[in-house]
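Reviewing the structure listed below.
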Amino acid sequence: MVMIQYRTLVFVLGFLFSISLQGQRDSIVVLQEVILTDVKLSQFSKGIKVKRLNDSVIRQNNASLTAALLYNSSIYFRENGAGMVSSASFRGTSAQQTAVVWNGININSQLNGQTDFNTILTQNYDHIVIRSGGGSTQYGSGAIGGSIHLQNVLDFNPHYRHEVLVRYGSLDSRNINYNSSYSNEKIALEFGANYSASDNDYKYLNTDRRNENGAFEHLNFNANGGYIVGENQLIKVFHNTFIGDRNFSGTLTAPSNDNYKDLNSRSLLEWSSFNDRSVVRLKGAYIYERFRYFPNKETSDFSFGRSANALLNFDYKYNLGKITLNGIAELSTIQASGSAIEKTSRNTAAGTFLLAHKVSEKFQYGLNLRKEIVQDYKSPFVYALDAKYQITPSYALRFGGSKNFRIPTFNDLYWTGAGATGNRNVSPETSLQAEFGQTYARKGFEIGVTAYYIASDDLIQWRPDLTGIWSPMNLNKTNQYGLEVAIAAEKKWQEHLLKWESSYAHTQSVNAETNRQLIYVPKNKVTTNFVYQYQKWGWYYQLLFNDMVYTTTDNSASLPSYSVSNTGINYRLFGKAKVAHIVGLRIQNLFNTNYQNVAFRPMPGRTIQFQLNSKF
């Protein structure tokens with residue numbers, strides 16, 4: 001049966017390829033269409049809530065993706081101390097149910113199923129986009145609560161640019177970022193390098209203790225390029241390498257002397273052929289991850305894990321005027337091994353069909369279908385439907401509904417460590433969800449309101465058996481539902497500019513068996529950002545409010561709510577239109593708030609950071 005399904009996917013791939021050969025060859029070069037590697041995000045998500053973080057927002061925050069999203073989205077983050085492991089809770093779902101997508105490729109760990117957001121450094125990405133709600137039809141396993149998209153966009157307009165960003169501040173924190181890009185009419189090249197480090201020995205407020213084992217050092221490299229072949233072909237290559245070296249902070253109740261070193265490497269090669277009706281893309285990607293954990297950093301003993309994912313993707317999109325069709329066939333092979341994971345592999349084939357129909361200038365809808373075939377378990381058929389109705393030029397309605405899934409990780413299936421064992425019979429998680437949104441926008445003002453509901457089955461949880469051995473099993477059903485409000489306003493007068501963005505999220509994430517709120521899911525979260533600019537001066541203020549969270553499944557223990565404020569000021573020293581030198585000062589945790597977002601792991605008090613940003 002599996003062999004028949006594989007043959008069906010190969011047949012579909014061949015059929016799509018044959019159609020592409022018969023397409024019109026009177027090509028027009030529409031680079032905006034072809035340059036975007038993750039074109040699904042813009043063309044097949046019209047009814048879905050999508051937010052893009054602009055460059056100024058990225059630069060107002062620290063280098064990590066955690067900081068950028070914490071103050072500019074409704075996502076809740078759990079950090080095991082500043083700079084330590086950071087995991088996301090999107091719409092009340094788990095860290096494994098939030099997908100991180102790099103240039104169209106899902107990069108969640110094949111070992112534990114999630115991404116550590118403190119290992120993603122934002123400065124070397126052109127766009128960071130937040131896509132709310134289920135996206136498994138487009139981005140595969142884990143895209144249940146939502147997905148975060150990291151995009152590099154090649155610029156073929158002739159130029160030669162450099163940018164240097166230097167930061168230094170409290171706790172001997174330093175960050176150096178360099179970006180360079182060059183292009184002519186046929187070639188585009190980009191290079192980026194980032195170094196980030198800190199002693200991170202902040203004081204635990206209201207105690208006589210410090211964060212004694214929290215130092216970290218990170219290196220990140222990006223290298224991207226594109227070459228236009230003739231009139232209707234384009235070759236692109238993207239590469240990213242992250243090298244991390246962190247001590248792991250202790251807690252208020254236990255010291256720590258451990259260390260964690262990790263390496264993440266991603267490479268993507270893409271060939272595109274296009275004309276006035278169709279685009280054919282062939283992608284090859286290789287994703288590698290490795291970690292080494294030292295229980296005692298003074299010794300050479302360590303445990304380890306590694307995985308390698310090779311992926312081949314064929315994508316054919318055809319435009320019929322008001323209807324756009326997109327067929328995608330994907331093959332991947334993954335190999336993993338480690339101290340507590342027996343050497344294993346996983347082969348996957350997936351077929352995806354996307355349809356976008358612009359019925360009129362006011363109404364459009366989309367339909368997505370996906371089926372995966374995996375050698376070691378049965379993967380569900382998933383689907384999505386979304387629609388947008390522009391009732392007036394200022395007012396629009398959105399709707400989205402989908403079925404999504406998360407496959408068991410290698411840890412879930414094959415773990416063999418002391419005191420725990422994997423379960424090869426564990427099933428994929430599935431969810432059904434729907435959302436309804438409305439947006440009102442006039443010049444200088446926009447407000448959006450979204451209500452959603454998620455019903456999940458077969459959630460994978462690790463629990464001990466009668467002998468005390470921990471193992472994953474499909475247990476709970478959960479229901480997540482809530483309301484999200486986003487407001488943005490902008491006012492310009494003479495040489496003044498004032499911007500305000502604010503968001504509110506109410507989240508109920510309930511275990512259907514016990515009717516209790518899931519741990520580490522705040523019922524309310526608020527973010528507010530003010531920006532004021534006058535001539536060469538700029539000022540900003542950020543506010544984050546997180547409601548209380550439960551820390552035990554019986555809801556008997558909790559962490560209190562807290563508010564944290566940041567502020568900063570910058571000044572443009574001199575420069576012309578394309579040359580700028582900006583100095584800035586940033587104060588984090590302005591009011592020295594004592595708070596925790598993980599039990600017994602205090603976060604830093606007030607810190608100060610200076611920065612210099614030069615573009616030339």
Side-chain angles (χ1 to χ4, degrees), residues 36-38 40-41 45 48-53 58 61-70 72-79 84-91 93-153 194 218 220 222 238-242 244 262-268 283 285-291 307 309 311 313 330 332 334 404-407 409-411 429:
L36 291 175
T37 299
D38 191 4
K40 302 187 296 295
L41 186 62
S45 301
I48 305 300
K49 180 183 175 184
V50 176
K51 178 182 180 180
R52 172 181 164 184
L53 302 186
I58 295 173
N61 297 278
N62 283 338
S64 73
L65 184 59
T66 299
L69 297 176
L70 185 62
N72 297 278
S73 76
S74 60
I75 305 172
Y76 177 75
F77 284 90
R78 295 169 54 182
E79 289 187 88
M84 302 298 103
V85 174
S86 174
S87 56
S89 176
F90 205 143
R91 289 185 170 177
T93 61
S94 69
Q96 291 87 352
Q97 294 172 329
T98 298
V100 176
V101 181
W102 172 75
N103 291 311
I105 305 296
N106 188 327
I107 60 170
N108 278 21
S109 170
Q110 298 296 327
L111 299 174
N112 61 24
Q114 66 185 66
T115 293
D116 180 353
F117 283 74
N118 277 336
T119 67
I120 304 292
L121 306 183
T122 61
Q123 303 296 340
N124 292 325
Y125 295 104
D126 299 297
H127 297 162
I128 297 175
V129 182
I130 306 166
R131 185 187 189 276
S132 300
S136 291
T137 52
Q138 296 186 20
Y139 302 106
S141 174
I144 294 177
S147 51
I148 312 301
H149 300 257
L150 312 173
Q151 299 178 332
N152 296 104
V153 181
N194 181 287
H218 299 322
N220 188 80
N222 276 12
F238 301 92
H239 178 79
N240 172 247
T241 292
F242 172 87
D262 55 333
L263 168 68
N264 295 285
S265 178
R266 311 169 185 109
S267 300
L268 171 64
K283 301 177 186 178
Y286 183 76
I287 302 171
Y288 177 79
E289 61 175 315
R290 184 195 71 196
F291 75 85
S307 76
N309 181 6
L311 180 148
N313 178 290
E330 186 172 285
S332 70
I334 306 167
N404 302 279
F405 74 105
R406 183 177 80 85
I407 62 176
T409 66
F410 282 120
N411 286 3
E429 299 175 352

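The structure displayed is predicted, hence computed values, not measured ones.
The closest side-chain donor-acceptor pair between S86 and R78, if any, does not fall under 3.5 angstrom. A donor atom on one side chain and an acceptor atom on the other are not found under 3.5 Å apart for R266 and H239. Donor-acceptor pairing under 3.5 Å is recorded for the side chains of E289 and S307. Checking N112 against T409 by side-chain atom types alone, no donor-acceptor pair falls below 3.5 Å.
Sorted by first and then second residue, the pairs that involve residues 102-122 and meet salt bridge (charged side-chain N to carboxylate O under 4.0 Å, His left out), not counting sequence neighbours, are D116-R246.
Nearest heavy-atom pair across L268 and A285 is CD1-CB, 4.0 Å. When all heavy atoms of A88 and F77 are compared, the pair lying nearest together is CB-CE2, 3.8 Å. Closest approach of F238 and N152 over heavy atoms only: CE2-O, 3.6 Å.
Atom OG1 of T137 is separated from atom CG of N404 by 7.0 Å, given to the nearest 0.5 angstrom.
Between H218 and F242, the angle of the ring planes lies from 30° to 60°, which puts this pair in the tilted group.
Paired with N220 under the rule side chain to side chain donor-acceptor pair (under 3.5 Å), one option of N240, T119, N194, T122 passes, and it is N240. Residue I75 is tested with I148, T98, L70 for a side-chain contact (heavy atoms from CB on, under 4.5 Å); the sole match is I148. When each of L150, L311, N309 is checked for a side-chain contact (heavy atoms from CB on, under 4.5 Å) with I105, only L311 meets the rule.
The salt bridge (Lys or Arg N to Asp or Glu O under 4.0 Å) check on D38 picks up K40, with sequence neighbours excluded. Under the rule for a side chain to side chain donor-acceptor pair (under 3.5 Å), the partners of N118 that lie at least two apart in sequence or sit in another chain are S64, T66, E79.
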Subject >> W102/I287 under side chain to side chain contact (heavy atoms under 4.5 Å, CB included): CA gap, chis, key distance, verdict >> reply: CA-CA 11 Å; W102 172 75; I287 302 171; 5.7 Å; no
**OP:** Check the pair H149, R131 against side chain to side chain donor-acceptor pair (under 3.5 Å), reporting the backbone distance first and the verdict last.
**Re:** CA-CA 8 Å; H149 300 257; R131 185 187 189 276; 5.2 Å; no
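Put simply, the side chain of E429 reaches to within 4.5 Å of the side chain of Q97, judged on heavy atoms.
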